[in-house]
Amino acid sequence: MVVIKAFGQVKEQVGMGEFRIEEEMQNVKSLRTYLSDKYPAISWSSVAIAVNKQYAQDQDPLHQGDEIALIPPVSGG
Amino acid sequence: MVVIKAFGQVKEQVGMGEFRIEEEMQNVKSLRTYLSDKYPAISWSSVAIAVNKQYAQDQDPLHQGDEIALIPPVSGG
Amino acid sequence: MVKIVDTIDLNKLYKDLVHPAAGGLCLFVGTVRDNTESKEVTDLFFETYDEMAILEMEKIRQEAIEKWKLEKVIMVHAIGKKSVGEPVVVVGVSSAHRKEAFPACQFLIDELKKTVPIWKKEYFTDNSHWVSPTP
Amino acid sequence: MVKIVDTIDLNKLYKDLVHPAAGGLCLFVGTVRDNTESKEVTDLFFETYDEMAILEMEKIRQEAIEKWKLEKVIMVHAIGKKSVGEPVVVVGVSSAHRKEAFPACQFLIDELKKTVPIWKKEYFTDNSHWVSPTP
């Protein structure tokens with residue numbers, strides 16, 4: 001199980017700011033595949049993924065209870 | 001007659017913030033000569049002279065009633 | 001000091017930034033502009049991933065401290081709804097000499113806009129959208 | 001806006017500087033440092049040739065407006081006695097894009113220090129002197 005937080009545009013597109021995925025995910029890439037299947041309308045290539053509040057790469061492993069964030073292009077300032 | 005305002009270090013060296021010179025002065029250069037004779041202890045080469053609130057050059061003429069300022073190196077900011 | 005706040009008070013931030021060994025400080029304040037690509041903007045709404053935004057701002061702050069000789073460095077971003085003219089972000093540095101202050105301050109805001117998880121929604125007279133900066 | 005003042009209030013100056021068409025503003029604030037060439041400074045005293053200082057600051061302001069695309073430009077200098085940590089000068093610009101703001105703001109303070117008739121007397125624990133900047 002991982003906890004997923006969604007922000008900005010992605011939050012509106014998935015329709016919620018926080019949800020869980022019960023399926024086991026090996027790494028960030030598996031998560032991307034899962035999300036692309038579930039939400040094909042979102043352009044995932046422009047969405048960064050953070051694991052436990054750090055930007056993550058595709059090969060980074062996921063663990064039970066990780067806090068995942070879906071980060072569309074940032075626009076602070 | 002011209003009115004002379006002195007500032008900063010020069011004000012302290014001449015001992016007053018404002019004084020008059022009754023003698024006729026042809027231009028800024030004549031004024032510099034006059035001041036150097038009267039206050040030889042001041043290093044006049046580092047003191048700029050303003051006429052009517054504008055930085056002036058040696059050849060600039062002086063007129064009756066001009067407001068002269070003796071401007072030691074500025075140190076604002 | 002890095003912070004997410006509701007409203008920005010420059011006099012307070014001055015006190016956080018001033019330092020006895022500093023001869024000056026440089027501040028950049030981001031404000032709400034009334035237009036974007038010639039469309040009239042009425043308000044902005046800012047959302048952040050708070051805890052990660054703090055971590056990312058702290059990274060940028062440390063990088064600036066390594067690159068320049070600075071006394072203090074602050075990064076403060078506001079959240080919620082902001083109207084035209086309101087401050088939304090302040091970054092600033094204090095340093096002994098002003099030469100360091102300008103590039104360091106520019107670095108802070110440039111980096112903030114690249115990596116800190118904060119999002120801006122623009123409200124127009126007729127609709128709204130999340131801003132997606134073109135690279 | 002150029003001004004000689006007794007005390008500097010950044011929140012007020014923000015209001016003078018902000019502009020609906022500006023996305024950001026850059027401010028430089030000069031403060032009293034506690035030392036100069038390793039001597040401890042207790043206070044500074046600022047004196048100005050008010051009317052000429054205003055004219056010279058206005059010239060610099062106009063030059064900046066010609067060189068960069070700016071919305072508003074302010075130069076404000078304080079006079080009288082100032083203690084360590086107090087603001088003594090603020091220069092600032094607002095502009096649509098931040099790229100212009102930093103060099104414009106640096107130009108304002110660099111030029112102010114060169115030509116504006118304002119003088120600073122440094123008070124040390126044992127004596128005082130008028131500052132004569134080494135070129």
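Order of the sequence lines fixes the chain letters, A, B, ..., with proteins taken first and strands second; residue numbering starts at 1 for each chain.
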Q) CG of D:Leu108 to CD of D:Glu63: how many Å apart, nearest 0.5 Å? A)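 These two atoms lie 10.0 Å from each other.
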Q) Is it true that the side chains of C:Glu58 and C:Gln62 contain a donor and an acceptor less than 3.5 Å apart? A)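 Yes, because at least one side-chain N or O of C:Glu58 sits under 3.5 Å from a partner of the opposite role on C:Gln62.
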**Q.** Most chain C-contacting option - heavy-atom pairs closer than 4.5 Å, from D:Val29, D:Asp9, D:Val90
**A.**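 If we count pairs closer than 4.5 Å to chain C, D:Val29 comes out on top.
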Q | Closest-packed option against chain C by number of heavy-atom pairs under 4.5 Å, given D:Arg33, D:Lys12, D:Lys15, D:His19 | A |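 The answer is D:Arg33.
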Q. Taking side chain as C-beta onward, heavy atoms only, is C:Arg98 less than 4.5 Å from D:Asp110?
A.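 The answer is yes, as the side chains (C-beta and beyond) meet within the 4.5 Å cut-off.
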Q) Does some side-chain heavy atom of C:Asp126 sit less than 4.5 Å from a side-chain heavy atom of C:Lys39? A)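 Touching, per the 4.5 Å side-chain cut-off.
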Can you tell which of [options] has the highest number of heavy-atom pairs within less than 4.5 Å of chain D?
options                            : answer
C:Leu10, C:Ile8, C:Thr36, C:Asn11  : C:Asn11
C:Ala96, C:Cys26, C:Gly23, C:Gly30 : C:Gly23
C:Ser94, C:Ala101, C:Cys105        : C:Cys105

Q: Test C:Thr31 against D:Tyr14 for side-chain contact (heavy atoms from CB on, under 4.5 Å), laying out the working first.
A: CA-CA 10 Å; C:Thr31 59; D:Tyr14 175 80; 3.1 Å; yes
Q. Side chain, backbone, both or neither: which part of C:Pro87 has a heavy atom under 4.5 Å from chain D?
A.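 Backbone plus side chain of C:Pro87, per the 4.5 Å heavy-atom cut-off to chain D.
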Q: Hey, can you tell me if D:Phe102 and C:Phe28 have their rings parallel, tilted or perpendicular (30° and 60° cut-offs)?
A: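 Parallel, since the angle between the ring planes stays under 30°.
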Q: Counting only heavy atoms closer than 4.5 Å, note whether D:Val32 contacts chain C via side chain, backbone, both or neither.
A: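 Only the backbone of D:Val32 comes within 4.5 Å of chain C.
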